[in-house]
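Accompanying notes for the structure given below.
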There are 2 protein chains.
Amino acid sequence: MASIKDIAAKANVSTATVSYVLNGTRNVSPKTRERVLKVIEEMQYKPNTIAQSLKTKKTDTIGVIAEDVTVFNTPEIIDGIHDCAERHDLHILLVNLRLHKRIGRSFHAVDRFRDVVLSAVDELVGKQVDGMIYVGVHSRDLSGLVPPKDKPIVYTYCYADNAVSVNYDDERAAYEATQYLAGLGHRRIGVISGLIDSIPSRLRFNGFYQAVMDCGLPFDPGLIKTGDWETASGERLTRELMALPEPPTAILAMNDVMAVGVLRAAQEIGVRVPQDLSVMGFDNREFSDYLTPRLTTMEIPLHELGVQSMMALNRIIRDNGAIEEQAKPLCKLIVRDSTGPAPG
Amino acid sequence: MASIKDIAAKANVSTATVSYVLNGTRNVSPKTRERVLKVIEEMQYKPNTIAQSLKTKKTDTIGVIAEDVTVFNTPEIIDGIHDCAERHDLHILLVNLRLHKRIGRSFHAVDRFRDVVLSAVDELVGKQVDGMIYVGVHSRDLSGLVPPKDKPIVYTYCYADNAVSVNYDDERAAYEATQYLAGLGHRRIGVISGLIDSIPSRLRFNGFYQAVMDCGLPFDPGLIKTGDWETASGERLTRELMALPEPPTAILAMNDVMAVGVLRAAQEIGVRVPQDLSVMGFDNREFSDYLTPRLTTMEIPLHELGVQSMMALNRIIRDNGAIEEQAKPLCKLIVRDSTGPAPG
DNA sequence: TCTTTGCATCTAAACGTTTAACAACCTGTA
DNA sequence: TACAGGTTGTTAAACGTTTAGATGCAAAGA
């Protein structure tokens, strides 16, 4: 590979001059510039970014630590990061923790987990990234993790105390979903929540509860069921809800995957959606448009999460820590065919 | 940030010695080793990978050029790449071309496309990656692209003449799907193919045709319909097929998204699946398990594609080009509820 | 006692850039 | 003519590592 020395030699100038024409950091006469440019072209010279970085101490690279790239939220967030990074001429070094495959779903293997994350951080710090973005898959609480001393790190799709984190407004999303159902005349709304120890589960329940109060609906604890985010739990709990003496006229499943179960159960027990029962999901997964009936759901602003994370990181790197609190990106109600006016 | 010099000074040794204990490249007496290690620990020293790379001319980093990380095949392939890269202590520099957002679906903006790819390659070459993997989204033919002179590059989920590319066996997958349907007694099998100018469309048709011949089924060109990979086309073409004087008893849609349309059409015109009509998809997208009925489909070995690409690249880098042809990864038949014995 | 051998450690160059400091030259002005 | 000021170019150090070769020293062999 041709180096700047080769160019300098062939163009009969010093390496400094070549560097100046390359970066435009100083005037160089038109005729030498031309000469240098011609040689560069001829030899197909590309500056060695590694050497540049060593000298300038800037890599223009940010590290992205993804808990699992195969989980639905991650690609969209990374896309958002890229979208923004591109405009600042930043590159992405990706570390994929492969959490599911590595330590399974037992998120309680905390010590193992810590090691994995910390070694990823070390790796990126060694590579001299300018900063890092951590992309979670389940809004886990990462407060226990020691943040790296010198390198800025932004967390998204997860929570971490005493650290910059970017998240959508879960509470408000659930509030709006509930409000929408109430607006259709539903007064008894069943809820199938996710695992109760997850932060989004709590936030979404809060939003639901607040909306129930604000809309003047009766609050019936019997209508609140705790699932595990999987289809089977949605199916099972829907049967329970519909077997109630006074069953709900709408069910809000806290993710689309469980909503699939709701739909299945409804079909099996002969409840028509949306005539007898309105069903809502959460996430706006691609498949929600493929279900019958098409699923009404809340869209999570994943792309925006990526963009905002990148912007936040950039502010920290550039302005060195002027972290102004940003408004949380909002979810968006996607109305399809699984919801309708309350019966009767 | 502490450098090797700081460590050397504090431990009263030369930088060489520190380097030797770090890399184990030369014997160093137990007591100095201990001393050095202690200082390293104290100062939380992490070697500067950039400087190492400059000296050793190895970055242990491979570049991944993804046409679009948000398309379903890409995350799984990247996961496979990571899976394999990890075992060789290689890191991933990710470039996301964001093809859909950038140049839309007009894949005919070829010149623009060339520029985008080539500048991504330049970027990675500048960053001194040891090699590159190009991850397509649609098995496009990339032969027109000039490969970089010195850096090895492996293509996957796309085709490129005169270059190493890793792909699953499309023809055989369609063959097996057809064979499976024939085995259920279906003799008139409808096909809804994707856009005809795509390589997989052609390969899959070949596989289908071969199986029809081998199984002794009649070949009726009227049963072959050309879609555009989208749901609406699946729906429309199914209506056409079922309106035939002698309609098929099974439909093979060449992707799951179109299969959704097939199921919709069937439901609307009152054809029962699988009693009256067997339906098969292709891809085994996550949602295929959420449809009613659950969709029988062919799973593409995406993870394996990633692994094999990484292995191929590694062989080129290490053994410097000893490219032994590898067997193509095979698709896997996933039998669910949308297929059954031919009626009558 | 003087070599020889082997081990532990050090010296210094090199990797490919950037950039401060300097040198040479030209131009215009007093 | 002399000199200030501007322009264009060069020199060489520095970034943080690795590593070939040199050096010093102790133990072993003559």
Side-chain angles (χ1 to χ4, degrees), chain A residues 1-37 39-40 43-61 91 122-130 150-151, chain B residues 1-37 39-40 43-61 91 122-130 150-151:
Chain A
M1 283 284 284
S3 85
I4 200 171
K5 284 183 191 166
D6 302 318
I7 305 298
K10 198 152 182 186
N12 253 308
V13 291
S14 69
T15 62
T17 304
V18 177
S19 175
Y20 293 138
V21 344
L22 238 27
N23 303 311
T25 38
R26 210 140 113 175
N27 264 352
V28 13
S29 75
K31 69 175 192 299
T32 34
R33 145 171 292 114
E34 284 316 311
R35 189 151 34 99
V36 170
L37 250 24
V39 176
I40 286 175
M43 307 191 67
Q44 295 225 52
Y45 168 71
K46 299 268 170 273
N48 181 327
T49 317
I50 295 284
Q52 289 178 321
S53 297
L54 180 59
K55 188 81 227 313
T56 61
K57 302 187 161 221
K58 290 231 95 205
T59 53
D60 291 333
T61 299
H91 304 152
D122 277 356
E123 180 182 317
L124 291 173
V125 170
K127 287 224 161 209
Q128 313 297 115
V129 295
D130 298 339
D150 31 9
K151 294 286 176 190
Chain B
M1 284 286 283
S3 85
I4 200 171
K5 285 184 192 165
D6 302 318
I7 305 297
K10 199 152 183 186
N12 255 309
V13 292
S14 71
T15 61
T17 304
V18 178
S19 175
Y20 292 138
V21 346
L22 239 27
N23 304 311
T25 38
R26 215 135 119 173
N27 264 352
V28 14
S29 75
K31 69 175 193 299
T32 35
R33 146 171 291 114
E34 283 315 311
R35 188 151 35 97
V36 170
L37 250 23
V39 176
I40 286 175
M43 307 190 67
Q44 295 223 49
Y45 167 73
K46 299 267 169 277
N48 182 327
T49 317
I50 294 287
Q52 289 179 321
S53 296
L54 181 59
K55 187 81 222 325
T56 61
K57 301 187 162 220
K58 290 232 96 205
T59 54
D60 290 333
T61 299
H91 303 151
D122 278 356
E123 181 183 316
L124 291 173
V125 170
K127 287 226 161 206
Q128 313 296 117
V129 295
D130 297 339
D150 31 10
K151 295 286 177 189

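Throughout, protein chains are lettered first and strands after them, A, B, ... in sequence-line order, and every chain is numbered starting at 1.
- A/Leu22 is linked by a side chain to side chain contact (heavy atoms under 4.5 Å, CB included) to A/Val18, A/Ile40, A/Tyr45, A/Pro47, counting only residues two or more places apart in sequence or in another chain.
- Less than 4.0 Å separates DNA chain D from at least one heavy atom of each of the following residues of residues 24-33 of chain B: B/Arg26.
- Contacts of B/Asp60 classified as salt bridge (charged side-chain N to carboxylate O under 4.0 Å, His left out), with partners at least two apart in sequence or in another chain: none.
- By the side-chain hydrogen bond (donor to acceptor under 3.5 Å, both in side chains) test, B/Thr61 is found to be paired with A/Lys127, residues two or more places apart in sequence or in another chain being considered.
- The side-chain hydrogen bond (donor to acceptor under 3.5 Å, both in side chains) check on B/Glu123 picks up A/His91, with sequence neighbours excluded.
- B/Asn27 pairs by the side chain to side chain contact (heavy atoms under 4.5 Å, CB included) definition with nothing, not counting sequence neighbours.
- Within the nucleic acid shown, A/Asp6 has no heavy atom closer than 4.0 Å to any nucleic acid atom.
- The overall bend of the helix from C/dT1-D/dA30 to C/dA30-D/dT1, read as the angle between its terminal helix axes built from five base pairs each, is 70° when rounded to 10 degrees.
- Among residues two or more places apart in sequence or in another chain, the salt bridge (charged side-chain N to carboxylate O under 4.0 Å, His left out) test is passed with B/Asp122 by A/Lys46.
- Partners of B/Asp6 according to the side chain to side chain contact (heavy atoms under 4.5 Å, CB included) rule, which considers only residues two or more places apart in sequence or in another chain, are B/Ala2, B/Ser3, B/Met43.
- For the salt bridge (Lys or Arg N to Asp or Glu O under 4.0 Å) condition, the pairs that include at least one residue of residues 47-59 of chain B, sequence neighbours left out, are B/Lys58-B/Asp130.
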Provide a list of protein-nucleic acid N or O atom pairs under 3.5 angstrom, restricted to nucleotides 16-18 of chain C.
unit_1 : atom_1 : unit_2  : atom_2 : d
C/dG16 : OP1    : B/Lys57 : NZ     : 3.0
C/dT17 : OP1    : A/Tyr45 : OH     : 2.8
C/dT17 : OP1    : A/Asn48 : N      : 3.1
C/dT17 : OP2    : A/Ile4  : N      : 2.7
C/dT17 : OP2    : A/Tyr45 : OH     : 3.4
C/dT17 : O5'    : A/Tyr45 : OH     : 3.2
C/dT18 : OP1    : A/Asn23 : ND2    : 3.0
C/dT18 : OP1    : A/Gln52 : NE2    : 3.1
C/dT18 : OP2    : A/Ser19 : OG     : 2.6
C/dT18 : OP2    : A/Asn23 : ND2    : 3.4
C/dT18 : O2     : A/Lys55 : NZ     : 3.3

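- Taking the side chain to side chain contact (heavy atoms under 4.5 Å, CB included) definition, one finds that A/Thr32 meets it with A/Val13, A/Val28, A/Ser29, A/Arg35, sequence neighbours left out.
- Using a distance-only test at 3.5 Å, with no hydrogens or angles considered, a donor-acceptor pair links the side chain of B/Thr59 to the main chain of B/Gln128.
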